[in-house]
Amino acid sequence: MPTPRPPTSRQAPLQHLPFLFKSIHRPSSSPTTNPIRLLKKSADTKNLKIGKVIHAHLITSSQASKNCDVFQTTSLINLYAKCDEISTARQLFDQMSERNIVSWSALMAGYLQNGLALEVLGLFKKMVSVDNLRPNEYVLATALSSCSISGRVEEGKQCHGYVLKSGLVFHQYVKNALVHMYSRCSDLEGAMQVLNTLPGYDVFSYNSVMDGLMELGYLKEALEVFGRMVGECNAWDNVTYRTLFGLSARLKDLKFGMHVHGQMLKSDLECDVFVGSAIIDMYGKCGNVLNARKVFDGLQNRNVVSWTALMAAYFQNGYFEEALHLLSKMELEDIMPNEYTFAVLLNSSAGLSALRLGDLLHACVEKSGFKDHTIVRNALVIMYSKTGNIKAANKVFTDMIYRDTVTWNAMISGYSHHGLGKEALIVFQDMLAAGVYPNYVTFVGVLAACAHLGLVREGLYYLNQLMKQMGVEPGLEHYTCIVGLLSRAGLLDEAKNFMRSAPVKWDVIAWRTLLNACHVHRNYGLGKQVAESVIFMDPHDVGTYVLLSNMYAKERRWDGVVKIRKLMRERNIKKEPGVSWLEIRNITHVFVSEDNKHPESSQIYEKVGELLAKIKPLGYVPNIASVLHDMEDEQKEDCVSYHSEKLAIAYGLLKTPSEAPIRVIKNLRMCDDCHSAAKLISKVTNRVIIVRDVNRFHHFQDGCCSCADYW
DNA sequence: CTAGGGTTAG
């Protein structure tokens with residue numbers, strides 16, 4: 001949706017030009033009117049038009065002496081370099097018969113500005129070897145900066161040598177450029193060495209080092225450097241604040257962040273868009289959306305980044321609708337979304353499982369000119385996979401030319417969530433073949449895939465060998481995957497022993513994994529033990545009470561069921577109502593178990609009855625064991641018959657064309673009864689039914705589910 | 001001639 005932009009930079013009106021000519025022609029040129037000064041002025045103001053006029057004039061009246069020519073041409077180089085006509089600058093430079101150090105530095109600065117760092121370093125080498133010139137502070141700062149942006153430590157160290165030789169180590173700019181170079185090239189020992197051996201560093205050096213440390217994830221160390229800074233330098237600037245907000249965000253340390261914020265308010269530093277966005281980001285990442293909003297509302301000028309930061313704050317805290325809602329408000333202020341904005345929006349629609357909205361955003365992205373940005377493509381993969389359309393996710397993935405770690409991880413874990421373990425492992429192999437290094441997240445997806453496929457040996461090999469080989473430290477999530485892997489394969493004792501022996505502090509999730517396995521494998525003895533300990537760890541885990549009561553029921557131990565029910569009453573634990581929803585055209589229809597609030601309720605109930613009647617001959621038996629209320633079996637059967645996902649599936653069948661897959665989202669774990677019903681319904685209706693429950697996707701097709709009945 | 005804001009995979 002590109003709208004024409006109003007002209008922002010005003011060109012100098014043409015009627016001013018005769019005046020310029022006059023001043024050039026004036027016989028004894030005063031300092032303000034000589035052409036070199038005018039060239040500098042037009043370079044500084046990036047006014048190429050006037051600069052070219054002066055250039056033309058110089059050509060037509062070329063009476064200049066040779067020495068004057070060096071200065072003039074250098075000024076012209078500077079002009080073209082600053083005005084982004086670097087090739088013109090280069091032509092002039094190459095035609096010079098004689099050059100001084102300023103000619104070199106002007107051209108180098110131009111290349112640096114255009115991001116052509118390697119060109120700068122090439123020039124630097126030529127300058128010292130061919131022209132035998134000694135680099136000055138300008139050339140050194142430019143060369144060092146080129147090393148910084150291109151990550152060339154080796155060249156940076158050579159520059160360091162020149163710095164020492166020239167005696168410019170004490171020059172503030174050069175020193176800072178040196179510290180910055182080492183920080184950006186991830187050579188923090190180098191940076192610290194410069195910082196420690198030389199006296200007199202300023203905000204700039206500290207900012208650089210803290211930034212470098214943060215980039216590498218050394219958050220504690222950055223905090224230490226900050227402590228040193230507090231003692232030695234109190235002139236904090238915008239960049240310092242931005243860095244500190246970034247640090248508190250990454251540490252998720254709200255207290256520290258608020259402290260810095262308070263400090264900033266006390267100082268009379270003006271809060272620019274950069275710092276403003278950093279504060280919003282900090283509050284968002286520290287979980288305080290309200291403050292993020294407050295800061296945003298207080299900003300005098302906002303740009304795309306401020307808006308995107310606020311959307312991200314909402315997104316990160318689960319307020320997906322609010323994040324999406326901000327788009328139209330932003331556009332009302334005439335601010336266009338960019339690739340980051342689209343990434344947040346897509347992730348928000350993924351969070352809602354809003355397929356229709358995601359499709360819509362995809363269309364916007366295609367039109368926007370940001371469609372080929374990796375972050376946007378990644379967000380598309382995530383969005384399609386989370387909204388249940390794994391095929392579309394893979395389409396986006398395969399069409400991508402450049403893929404980063406996040407891309408591969410998104411596809412691997414996407415497949416894993418959908419129970420497509422084989423596909424996940426193939427993508428993983430491709431990732432290794434492409435030379436991309438797997439990280440922590442990659443292996444979570446890979447191990448989950450192994451668990452789905454029951455590949456015990458492979459899983460253990462990945463954990464014990466490959467991860468070490470790849471330099472990835474296994475964490476709780478990986479160990480939990482192993483628990484899942486073992487118990488899914490029916491090796492419950494091994495899983496239990498693994499939990500006993502592995503050097504980790506297990507959380508409820510791990511125990512619940514084992515518990516679930518006991519339930520599926522009908523090992524109720526161990527299951528009850530595990531459930532007791534889960535309840536001990538988290539007395540409000542409703543799902544566990546339900547499972548425990550289920551297990552008692554399956555053993556026909558009604559005393560146990562009664563005990564659990566009593567316990568739940570005493571602890572005031574209520575079963576969260578089951579809610580399912582699905583999108584039809586662009587409306588989301590929400591169903592709550594056994595409620596008849598939907599306007600077409602009677603048709604839906606009728607349809608459910610019809611479906612259940614159709615699948616009963618195929619072996620469907622209502623599973624009423626999970627019903628916790630006191631009632632007759634017949635009532636219990638009614639109860640499970642009208643679970644929210646059954647209502648949603650029935651509605652989907654009523655309202656969508658016969659070839660379309662039905663996509664349902666449910667807030668809880670899918671129950672046994674609905675699971676077996678859905679399998680048979682997919683068979684008798686010949687439809688693909690995709691249900692996303694709290695943990696995973698179930699693809700029902702032709703009487704089978706992708707989770708292979710283990711979830 | 002030295003720096004910098006936002007996003008994501010579990």
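Here the structure is a predicted model, which is why all the values come from computation and not from measurement. Residue numbers start from 1 in every chain, and the chains themselves are labelled A, B, ... in the order their sequence lines are given, proteins ahead of strands.
Donor-acceptor pairing under 3.5 Å, judged by distance alone, is absent between the side chain of Tyr340(A) and the base of dT7(B). For Asn303(A) and dG5(B), a side-chain-to-base donor-acceptor distance below 3.5 Å is present, hydrogens and geometry of angles not being considered.
Centre separation under 5.5 Å together with a plane angle under 30° holds for the ring of Phe204(A) and the six-membered base ring of dT2(B), marking them as stacked. Taking a centre distance below 5.5 Å and an interplanar angle below 30 degrees as the stacking criterion, Phe274(A) stacks against the six-membered base ring of dG4(B).
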Which atom pairs, donor and acceptor, lie under 3.5 Å between side-chain atoms of residues 105-120 of chain A and protein residues at least two apart or in another chain?
residue, atom, partner, partner atom, Å
Ser105(A), OG, Val102(A), O, 3.3
Tyr111(A), OH, Arg90(A), NH1, 3.1
Asn114(A), ND2, Gly110(A), O, 2.8

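In this structure, Ser413(A) reaches the sugar-phosphate backbone alone: every heavy-atom distance under 4.0 Å involves primed, P, OP1 or OP2 atoms, never a base. Among the protein residues, Asn347(A) comes within range of the sugar-phosphate backbone only, with heavy atoms under 4.0 Å from sugar or phosphate atoms but none that close to a base. Within the nucleic acid shown, Ala379(A) has no heavy atom closer than 4.0 Å to any nucleic acid atom. Residue-level contact check: Ile375(A) touches the bases, meaning some heavy atom is under 4.0 Å from a base atom. Among the atoms of the strands shown, base atoms are found under 4.0 Å from some heavy atom of Asp237(A). Contact annotation for Asn238(A): base contact, defined as any heavy-atom pair under 4.0 Å involving a base atom. If you check every strand for non-hydrogen atoms under 4.0 Å, Val239(A) touches a base. Using a 4.0 Å heavy-atom cutoff across all strands shown, Phe315(A) reaches sugar-phosphate atoms only and no base atom. Looking at heavy-atom distances under 4.0 Å, Glu215(A) makes no contact with the nucleic acid at all.
Taking the six-membered ring where the residue is Trp, Tyr173(A) and His171(A) present perpendicular rings, their angle passing 60° and hence far from 30°. The aromatic rings of Tyr479(A) and Trp506(A) sit perpendicular, their planes meeting at an angle over 60°, well past the 30° parallel limit. Ring pair Tyr314(A)/Tyr319(A) is perpendicular by interplanar angle, where above 60° counts as perpendicular and below 30° as parallel.
With distances taken from any side-chain atom of His171(A) to the nucleotides dC1(B), dG10(B), dG5(B), the minimum falls on dC1(B). Checked against dA3(B), dG10(B), dA9(B), the side chain of Asn207(A) finds its nearest nucleotide in dA3(B). The side chain of Tyr440(A) sits closest to dG10(B) out of dT7(B), dT2(B), dG10(B). Among the nucleotides dG5(B), dG10(B), dT2(B), the one closest to any side-chain atom of Leu112(A) is dT2(B). Closest contact between the side chain of Asn338(A) and the listed nucleotides dG5(B), dG6(B), dG10(B) involves dG6(B).
When each of Phe397(A), Tyr437(A), Phe443(A), Tyr415(A) is paired with Trp408(A), the ring pair (Phe, Tyr, Trp, His ring centres under 6.0 Å) condition holds for Phe397(A) and for no other. No option in Thr374(A), Asp372(A), Val376(A) other than Val376(A) meets the side chain to side chain contact (heavy atoms under 4.5 Å, CB included) test with Glu339(A).
In this structure, Gln316(A) does not reach the dG6(B) phosphate: none of its side-chain N or O atoms is under 4.0 Å from OP1 or OP2. Residue Gln172(A) places no side-chain N or O under 4.0 Å from the OP1 or OP2 atom of dC1(B). Checking the phosphate oxygens (OP1, OP2) of dG5(B), no side-chain nitrogen or oxygen of Arg302(A) falls inside 4.0 Å. Distances shown here put a side-chain N or O of Ser145(A) below 4.0 Å from the OP1 or OP2 atom of dA3(B).
Considering only residues two or more places apart in sequence or on other chains, Ser353(A) meets the side chain to side chain donor-acceptor pair (under 3.5 Å) condition with Arg692(A).
Residues of residues 281-289 of chain A having a heavy atom closer than 4.0 Å to DNA chain B, listed by number: Asp281(A), Lys285(A).
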